[in-house]
There are 2 protein chains.
Amino acid sequence: MSSENDYKMSSLNEVAKKAGVSIATVSRVINNSPKVNPETRLKVQQVIKDLKYHPNRVAKRLRNKSASGNLIGVLIPDIQNPFYVEVLRGIEDVAYENKYALIMCNFSQDEKKEQLYLDILQSESVDGLIAAPTNEHDQKVTNLVKSGLPIVCVDRGLADVDVDVILVENQNGAYSAVDHLAKAGYKRIAYISGLRQLPSSQEREAGYSNALKANGIPIDRTLIRYGDSRHESGVKLCEELLNLPSPPDAIFAGNNLITLGALETIHKKGLTIPSQIAIIGFDDMYWSISLNPPLTAVKQPAYEIGRRAAEQLILRINDPARPTMSMVMKTELVVRSSC
Amino acid sequence: MSSENDYKMSSLNEVAKKAGVSIATVSRVINNSPKVNPETRLKVQQVIKDLKYHPNRVAKRLRNKSASGNLIGVLIPDIQNPFYVEVLRGIEDVAYENKYALIMCNFSQDEKKEQLYLDILQSESVDGLIAAPTNEHDQKVTNLVKSGLPIVCVDRGLADVDVDVILVENQNGAYSAVDHLAKAGYKRIAYISGLRQLPSSQEREAGYSNALKANGIPIDRTLIRYGDSRHESGVKLCEELLNLPSPPDAIFAGNNLITLGALETIHKKGLTIPSQIAIIGFDDMYWSISLNPPLTAVKQPAYEIGRRAAEQLILRINDPARPTMSMVMKTELVVRSSC
DNA sequence: TATTGCAATAAAAACGTTTACATTGTAAAT
DNA sequence: ATTTACAATGTAAACGTTTTTATTGCAATA
C-alpha cells in the first residue's frame, strides 16, 4: 500500500503544498537560485526528500525548448559493428558523467529509417545530436545542422555545412596496412571496400592505391570490390575474389564486419593464413588476438572518438556560437599473425 | 533564408491559424478522429504538408502521461557484450516497425548507474521498459514494476513480483555443453562463471554440476571460478585455472566475454585447442567460426529474445491488465572444433 | 412555429515546468 | 512619519499537445 505510492511521481505542486510555499519557490530551490531564504530552502529540501520528488524531464524540456533538457541523441549506422559499439561506449561514459541521457537510434544504413529517427529526435527536442551521416551530402543531417541544432559528426563529415567533426586518418591508416603487405612481398593485394559513397571508404581506397604505387605494384581494378560495410558483404566479395582466375595473395578489408566475413570465407575454403592468403583488417577489436590467426589490423581509437564527440557536443550545447572544429585521430597498425 | 525555416518546428497553433480552424480540429485531423468534415480534413492536411508539421512528442507525452508517447526505455547491463547487442537489435527492429523510439541506457553492471537511469527513464515518462535486472531481488526494478509501469525482463527475472519475462534454458544449455565435454572424454572440466548472484549464472552452474554427476565425474570446487561477466574476468580466471597444480583439461565459459578472455589467455600460454585444453562457450557469435579454433558454443536466440521482449512490451502497454507471461527459449549446442 | 437532435467546430483546462512580473514585508534613509 | 530599496515570495503566462465541455447552425419533428 505504501510501497505502491513510493514510486508515484510527485510534482512541484505537491511539494509546494506540503512545504507551504509556492511552486515558484520550490523551482528556485531546485535550480539553486540564490534568491531564496536559507530557512525556506532547508524546509523545501526536506519535503523534496520526503516525497522522493524527481523533476519531470518532459515538462522541463517542453518549457525550455532544448535548454537543459539533458538529453542527447545518437544516430549510428550499424549497431552490429563493434566499432560503433565502442564509440557508443565513449559517448555514454561522457554523457553519464555530465548527467545527460542518451536516446539511441540505429538506422542500419537505411535512409528511410535515418529520416524517421531524425524526425523523432527533433520532435523529442534533444539538446544535441551525435551522428554518422550516410554520406558527405546527407541532406537530412545537413538541414538539421542548418536549423541550429548542436551536432557533432563522427567517422563521416558533412561537405555543405560547417559542423564539428571527429574523424580518423583513414588514408594514412590504409596506407600503412597495404604498405606492410607490399613490404612483406605480397603482389596481388585486394581491397574489399565498404559502401563506396562513404568518405571513409574513399579515403581508405586512396591510401590503398598510394601504397601500391609507392611499392611499384600496378593497380588491378578487378582486385577492388565494393560492398555495403556488412558481414555478408565480406563473405560474398571475398568469395568472388578467391574464385578469380588469378586470385589475390592478400586482402585488405575495409572494416570490421567485412574482415570477419572474409575470414569466414577463407576458412570455409580451407585456405591457411597467411601462407596461402594474407589479410589485414581496418579496425581492431579487443578479441582480434583470439581470431584464427590473430589478426593484423589498423586500430582506430573508437572509444576515444566517442568520448571526444560527446565532450565537444556538450561544449557546443553550452556555447552554440563557438567556432566549429574538426579533429583527426591517429590510427595504429597492430601487427599480429595474419600477414 | 528560406532553407533556415524549413526546419523550424511548426506547431498545431500555426497550422490552425493558416487553415482557419481551431487547434482542436487540427488535432482531430491528425489523430484521425471520425468527427470531422471531409472538406475541412483535406484543407488541414494540405496545410500540414505545406508547413511540414511534425507533432511535438514532448508535449504529447506531457499531456498524455505515458499514453501513446511512443517511447520505450531499454536498460541493459553491458553493451560490450555481443549478446545484448543482438537483443538490442531485436528490440529495435520491433520498435521501429511499431513506430516506437528507444531510449537506451547501459548501466555497465553498476547499480548506481542503474538507479540513475531508472530515475531518468521514469521522469522521461516512457511508455514501458525492457530491462535485465542486476539480480532476482533488484529493488529498483521491482519498485518500478509495482508502480504500474509496463515492464518486460529479459535474461534475468524478478522474484518478488509478477512480471513478464523472456528467459533461456540456461540449465539445459549448460548441461548439453558439459555433457558433450564429458562424453568426449574430458575429466577435469572447469566452469568460469559470470556474476555469481545472477540467476543465469546459478542455473548454468546447476547444469554444469548435473552433467558432471550424470557422467560420474566428481565435482572439484577448485575448478569453479566466479567473475564479473566481463572479458578481463575471463582472462584472469582462466589464468588461475591454468596455473593450478593439476589444471583442467576443458573449460566451460559462462558467457561471451568470458570465453573471449579465456581464449586470449590460452593463446598467450601457447596451448593448443582442443588437444591441450578444450573450451566451450555459453553464447554463440556469428563470427565464432572465425575464432581460433572455430568455437563450439551454446547458442542463445538473442535476436529473437529481443523481438519477443519488445512485442510483449507493446502488448502490455496496450493492455496493462493482461496476465503476465514467462517465456523460456531453447538453446542449441553448436559443435565446431574447440572440443 | 417552436422544439429537439445532431454534426461540426470552437473554447478552455490540464499535464509540470521556468520565469518575467507583481506583491509583500521590513529596514534604512529622508 | 513617510518614502525608498531590497530581499523573499507569490502569480500567472507560456511551452504544444489532447480532451472535455460548450457553442453554433441546420434539418427533422411535434
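Just so you know, these numbers come straight off a predicted model, no measurement behind them. Just so we're on the same page: letters track the sequence lines, and every chain starts at 1.
The interatomic distance linking A/Lys43 (NZ) with D/dT9 (C1') rounds to 11 Å, in whole Å. The interatomic distance linking B/Glu39 (CD) with C/dA7 (P) rounds to 18 Å, in whole Å. The CD1 atom of B/Ile23 sits 10 Å away from the P atom of C/dA11 (whole-angstrom rounding). For the pair A/Asn32 CG and D/dA8 C1', the interatomic distance rounds to 17 Å; values are reported in whole Å. Rounding to whole angstrom units, CD1 of residue A/Ile30 and C1' of C/dT19 are separated by 14 Å. Atom-to-atom, CD of A/Glu14 to C1' of C/dC15 comes out at 13 Å; the value is rounded to the nearest Å. One can place CG of A/Asn31 at 7 Å from P of C/dT19, the figure rounded to the nearest angstrom. Spacing between atom NE2 of B/His54 and atom C1' of D/dT17 amounts to 16 Å, rounded to whole angstrom units.
Counting any heavy atom pair closer than 4.0 Å across all strands shown, A/Asn13 reaches no nucleic acid atom. Residue A/Val58 is classed as having no contact, given no heavy-atom separation below 4.0 Å to the nucleic acid.
Side chain to side chain, B/Asp138 and B/Thr134 meet the donor-acceptor criterion of an N or O pair below 3.5 Å. A/Tyr100 and A/Asp127 are not linked by any side-chain donor-acceptor pair at a separation below 3.5 angstrom, with hydrogens and angles left out of the test.
Closest to the side chain of B/Lys60, out of D/dT9, D/dT17, D/dA12, is D/dT17. You'll find that the side chain of B/Val36 is closest to C/dT9, out of C/dT9, D/dT9, C/dT19. When distances run from any side-chain atom of A/Ser27 to the nucleotides D/dT19, D/dG16, C/dT19, the shortest one goes to C/dT19. Checking C/dG16, D/dA8, D/dT19 against the side-chain heavy atoms of A/Leu62 singles out C/dG16 as nearest. Comparing C/dA8, C/dA11, D/dT11 by their closest approach to the side chain of A/Ala24 singles out D/dT11. Taking only side-chain atoms of A/Ser11, from C-beta outward, the nucleotide of D/dT9, C/dT17, D/dG10 with the closest atom is C/dT17. Ranking C/dT19, C/dA12, D/dT9 by closeness to the A/Asn37 side chain, first place goes to D/dT9.
Distance alone, capped at 3.5 Å, is enough to place a donor-acceptor pair between the B/Ser11 side chain and the B/Asn13 backbone. No donor-acceptor pair under 3.5 Å is formed between the side chain of B/Arg89 and the backbone N or O of A/Ile79.
Here B/Thr25 does not reach the OP1 or OP2 of C/dA8: none of its side-chain N or O atoms lies under 4.0 Å away. Close to D/dT9, at under 4.0 Å from its OP1 or OP2, lies a side-chain N or O of A/Thr40.
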Step-by-step side chain to side chain donor-acceptor pair (under 3.5 Å) determination, B/Asn106 to A/Glu92: CA-CA 8 Å; B/Asn106 164 43; A/Glu92 206 248 329; 3.0 Å; yes

Salt bridge (charged side-chain N to carboxylate O under 4.0 Å, His left out) assessment of A/Glu136 paired with A/Arg156: CA-CA 7 Å; A/Glu136 279 192 302; A/Arg156 313 164 176 190; over 6 Å; no

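Sequence order on DNA chain C of the closest nucleotides to B/Lys35 and A/Ala59 puts B/Lys35 first from the 5' end.
Side-chain atoms of B/Arg28 and base atoms of C/dA8 include no donor and acceptor less than 3.5 Å apart.
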